[in-house]
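Numbered from 1 within each chain, the chains take letters A, B, ... in sequence-line order. Just so you know, these numbers come straight off a predicted model, no measurement behind them.
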Protein chains: 2
Amino acid sequence: MSVSSDKCDKWDKSYDETISLRGFRFTKQRRHVYDALMARRDHPTAVEVFLRTKKEMPSISLATVYNCLETLTECGLVRHVNHDRAPSRYCPNLEEHGHFFCDDCGAVFDVPLRKREKAGQWELPTGTVVTNHEVALRGLCAACAKKQV
Amino acid sequence: MSVSSDKCDKWDKSYDETISLRGFRFTKQRRHVYDALMARRDHPTAVEVFLRTKKEMPSISLATVYNCLETLTECGLVRHVNHDRAPSRYCPNLEEHGHFFCDDCGAVFDVPLRKREKAGQWELPTGTVVTNHEVALRGLCAACAKKQV
DNA sequence: CTAGGTGCAAAAGGTTTGCGGTTAA
DNA sequence: TTAACCGCAAACCTTTTGCACCTAG
């Protein structure tokens, strides 16, 4: 199977380069995992990514999907999204953003952060260095809120 | 062992009542678990709570600590604090607040939220209901940041 | 007295790892 | 060619559960 004959056509050269630059190989498995993530930005779990990837590449294993997700995360192409102790979800949106979790249907949405949330000078001890911050919102999505009535 | 002869003296009547009101029993195990949490507000994991509680009550089991933490959480006396896939930590601070996680030493601090973070009207689809929000900051605590130099 | 809680051990569930064979560069 | 990667299965680790006994109310 050549690269140009499969779904990987849509890969942007820069992703290839991003992976190579980090000293990782650009394998079919990694491409398919990344494609699965880009195709539907609905924050799938590793198992969901596995099932979707399996359709294109039936031989792939769950362990490989986990490994690929790990590698892509290390490359900065993908972000881990954790909520409580639920299975990790994965997100290819690299913009700084928060997440909304629907308590009813389990949907996960990206939430844009405005300047003030990004900037946030927190009340922290002098000398503390903040490198990253995450915002998680919970509640009911519009559809579920409507049903509740 | 009577209640008044052990460390449970410091229990505020209201905790007792809070538990009773929910239809739960006020057991020694639950008291000791809660005490362990109140004694050092350093966001221990369940295993750490277990080890601390075991000193006062050697017969307690880890499963019971998990059960007690669960019950106390249901009563609203304790909050779960999750970060990535690391073991859950527990926190008796009921004020609305965020958490700072030191990447180097693993320390966890409470971070007060100011009005604007609390208020935050997020850019969400119309009809979305937000019931809860969490802020997690990562970086280096003052001590670790100093060492890095 | 008795429903609910505890302790134990075993199971569950997500994720990681060791290893022999495979493949991108 | 060869170091990195894959697939498989087994291990890991945190958390939950089933069950017999115990205890707070």
State which residues pass side-chain hydrogen bond (donor to acceptor under 3.5 Å, both in side chains) with [X]; sequence neighbours excluded, sorted by chain then number.
X: B:R52; answer: B:D42
X: B:R85; answer: A:S88
X: A:T73; answer: none
X: A:T128; answer: none

Problem - Start and end of chain A contact along DNA chain C [non-hydrogen atoms, under 4.0 Å] - result: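 Result: C:dG14 to C:dA25.
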Problem - Contact state string [nucleotides 19-24 of chain D, B base, S sugar-phosphate only, - no protein heavy atom under 4.0 Å] - result: ----BB
Handout entry: Members sharing A:L140's hydrophobic cluster (side chains within less than 4.5 Å)
Key =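 Besides A:L140, the cluster holds B:V129.
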Practice task
Each residue besides B:V108 in its hydrophobic cluster should be listed here, by chain and number; the cluster joins Ile, Leu, Val, Met, Phe, Trp and Tyr at side-chain heavy-atom distances under 4.5 Å.
Solution key: B:V81, B:F101
Exercise for the section: Take the protein atom CZ of A:F50 and the nucleotide atom C1' of D:dC8, then report the distance between them rounded to whole Å. Expected result: 11 Å
Handout entry: Pairing string, 5' to 3', for DNA chain D - Watson-Crick or wobble contacts under 3.5 Å, brackets [ ] where pairs cross, | to another strand
Key = |||||||||||||||||||||||||
Handout entry: Set of ring pair (Phe, Tyr, Trp, His ring centres under 6.0 Å) partners for B:Y90, sequence neighbours left out
Key = B:H80
Handout entry: Of all pairs that satisfy ring-ring contact (aromatic ring centres under 6.0 Å, His included), the ones with a partner from residues 42-63 of chain B, not counting sequence neighbours
Key = B:H43-B:H99
What's touching nucleotides 10-15 of chain D from the protein side, N or O pairs under 3.5 Å?
from   : atom 1 : to    : atom 2 : distance (Å)
D:dT14 : O3'    : A:R85 : NH1    : 3.4
D:dT15 : OP1    : A:R85 : NE     : 3.2
D:dT15 : OP1    : B:S88 : N      : 3.0
D:dT15 : OP1    : B:S88 : OG     : 3.0
D:dT15 : OP2    : B:Y66 : OH     : 2.4
D:dT15 : O5'    : B:Y66 : OH     : 3.4

